[in-house]
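Only heavy atoms go into these numbers, but all of them, side chains included; no hydrogens, no water, no symmetry mates. Proteins come first, then strands; the chains are lettered A, B, ... in the order of their sequence lines, and each starts at number 1. A quick note: this is a predicted structure, and the numbers were derived from the prediction, not measured.
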2 protein chains.
Amino acid sequence: MISIDYQSKLPLYEQIAQKFQTLILKGALPPDAQMPSVRTMAVELSINPNTIQKAYSLLEQQGYIYPVKGRGNFVSDSSALVRQEKKSLLEDVRQLIQEGKELGVRQTEFIQVIDRIYRKGDSND
Amino acid sequence: MISIDYQSKLPLYEQIAQKFQTLILKGALPPDAQMPSVRTMAVELSINPNTIQKAYSLLEQQGYIYPVKGRGNFVSDSSALVRQEKKSLLEDVRQLIQEGKELGVRQTEFIQVIDRIYRKGDSND
DNA sequence: GAAGTGTACTATTTCATATAGTACACTAAA
DNA sequence: TTTAGTGTACTATATGAAATAGTACACTTC
């Protein structure tokens, strides 16, 4: 379910948190679904439980999950998070495009990238 | 000319290298222009000369500058680097757009971002 | 020769990361 | 009630990257 890249400069706990963020934002983990227990994840990934705990703390702080004492951690309602994530992503795209323009990338090149992605697969906008 | 963010998780030497990369790619530092000396930069930024040296080594390794013993470091011809950077940037954009689509961002939203950037300012493509 | 350059070392400090181990309170089920 | 499984909070330790400090040497220019 979750894989680790030991070559990455990103700390393990951030990698783990990011993987779960993606799963939650895309709905693979629906609201109120139970997260794997800290100890289970630790065994599964051959990683120290404290590292998992740190990842979960981060996820809780960011609003992705909520803890219930003695029972476990559970997925929060992500609709607000999706909105926030879209906004942040659009801002990132804006900065990249701006940089691209300054480097001489033509508008048509960006348009092409978008067209290819939205043409293939399902028929979204 | 160069500013440092001590809050950033990025190492100082990488921050410095990135700033120079931008300056070189955008032509603010033309080919064969002399880079500030390691010692000068160190004093200017109140940073250890070794850290500047490390940034310059990175820039040299990436092809942005070339050293001349006893004289200094100089800016390389950046045309190849610009091409490479454009390609890398387009790939980054592609990934972001793909993610955005999966989160439910509409194609028109991305188009709007591009239009705004390319409409304002000079009249490029 | 003097000043300014790159470059190569060693040593040390600092900090984030990750691990190891223990402990305690809570919940659910037998 | 007991047991197992959960979150959570500690302390201690090890490791490695990053940054600093200091020194040294070869080269170029004036």
Problem set entry | Phosphate contact (C:dG6 OP1 or OP2) by B:Tyr56 side-chain N/O below 4.0 Å |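 No.
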Problem set entry | Side-chain N,O (B:Lys9) to OP1/OP2 (C:dA16) below 4.0 Å |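 No.
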Exercise. Under the side-chain hydrogen bond (donor to acceptor under 3.5 Å, both in side chains) test, which residues partner B:Asp5, sequence neighbours left out?
Worked result: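 Per chain and number, B:Asp5 pairs via side-chain hydrogen bond (donor to acceptor under 3.5 Å, both in side chains) with no residue.
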Problem set entry | All side-chain hydrogen bond (donor to acceptor under 3.5 Å, both in side chains) counterparts of B:Gln84, not counting sequence neighbours | none
Problem set entry | salt bridge (Lys or Arg N to Asp or Glu O under 4.0 Å) pairs, two or more places apart, involving residues 23-32 of chain A |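 The answer is A:Lys26-B:Glu102.
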When you compare the protein's N or O atoms with those of nucleotides 3-5 of chain C, which come within less than 3.5 Å of each other, and at what distance?
from, atom 1, to, atom 2, distance (Å)
C:dG4, N2, B:Gly70, O, 3.1
C:dT5, OP1, B:Ser37, OG, 3.4

Could you tell me how far apart [X] ([atom1]) and [N] ([atom2]) are, to the nearest whole angstrom?
| X | N | atom1 | atom2 | value |
| --- | --- | --- | --- | --- |
| B:Gln15 | D:dA18 | CD | P | 12 Å |
| A:Gln53 | C:dA20 | CD | P | 17 Å |
| A:Tyr66 | D:dG7 | OH | C1' | 14 Å |
| B:Leu58 | D:dA18 | CG | C1' | 14 Å |
| A:Ile65 | D:dT6 | CD1 | C1' | 13 Å |
| A:Leu45 | C:dT19 | CG | C1' | 15 Å |
| A:Ile52 | C:dA20 | CD1 | P | 13 Å |
| B:Lys54 | C:dG6 | NZ | C1' | 18 Å |

Problem set entry | By side-chain contact (heavy atoms from CB on, under 4.5 Å) - contacts of B:Glu91 (at least two apart) | B:Arg94, B:Gln95
For this session: Under 4.5 Å between side-chain heavy atoms, chaining through other members, with only Ile, Leu, Val, Met, Phe, Trp and Tyr counted: pull out the rest of the cluster around A:Tyr13, sorted by chain and number.
Result: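 A:Leu58, all in the cluster of A:Tyr13.
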For nucleotides 20-23 of chain D, print each protein N/O atom paired with a nucleotide N/O atom at under 3.5 Å, atom names and distance only.
from, atom 1, to, atom 2, distance (Å)
D:dT20, OP2, B:Asn48, N, 3.2
D:dT20, OP2, B:Thr51, OG1, 2.8
D:dA21, N7, B:Asn50, ND2, 3.3
D:dA21, N6, B:Asn50, ND2, 2.8
D:dG22, O6, B:Asn50, ND2, 3.3

Exercise. Going by the ring pair (Phe, Tyr, Trp, His ring centres under 6.0 Å) test, which pairs reach into residues 21-54 of chain A, not counting sequence neighbours?
Worked result: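 Pairs touching residues 21-54 of chain A that pass the test: none.
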For this session: Sequence neighbours left out, what pairs pass ring pair (Phe, Tyr, Trp, His ring centres under 6.0 Å) with at least one residue falling in residues 67-94 of chain A?
Result: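 Found A:Tyr66-A:Phe74.
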For this session: For A:Glu60, check salt bridge (charged side-chain N to carboxylate O under 4.0 Å, His left out) against everything at least two apart and list the hits.
Result: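 A:Glu60 satisfies salt bridge (charged side-chain N to carboxylate O under 4.0 Å, His left out) with no other residue.
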Exercise. Sequence neighbours excluded, which residues qualify as salt bridge (charged side-chain N to carboxylate O under 4.0 Å, His left out) partners of B:Lys9?
Worked result: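 Listed in chain order: A:Glu14.
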Problem set entry | A:Glu85 and A:Gln21: side chain donor to acceptor below 3.5 Å |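 No - no donor-acceptor pair under 3.5 Å links their side chains.
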For this session: Would you please say whether a donor-acceptor pair under 3.5 Å links the side chains of A:Asp115 and B:Gln107?
Result: yes
Seminar exercise, completed: Out of C:dA18, D:dA18, D:dT8, minimum distance to the side chain of B:Tyr13 belongs to D:dA18
Exercise. Tell me, which of residues 16-24 of chain A have any heavy atom that sits under 4.0 Å from an atom in DNA chain C?
Worked result: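 Residues of residues 16-24 of chain A under 4.0 Å from DNA chain C: none.
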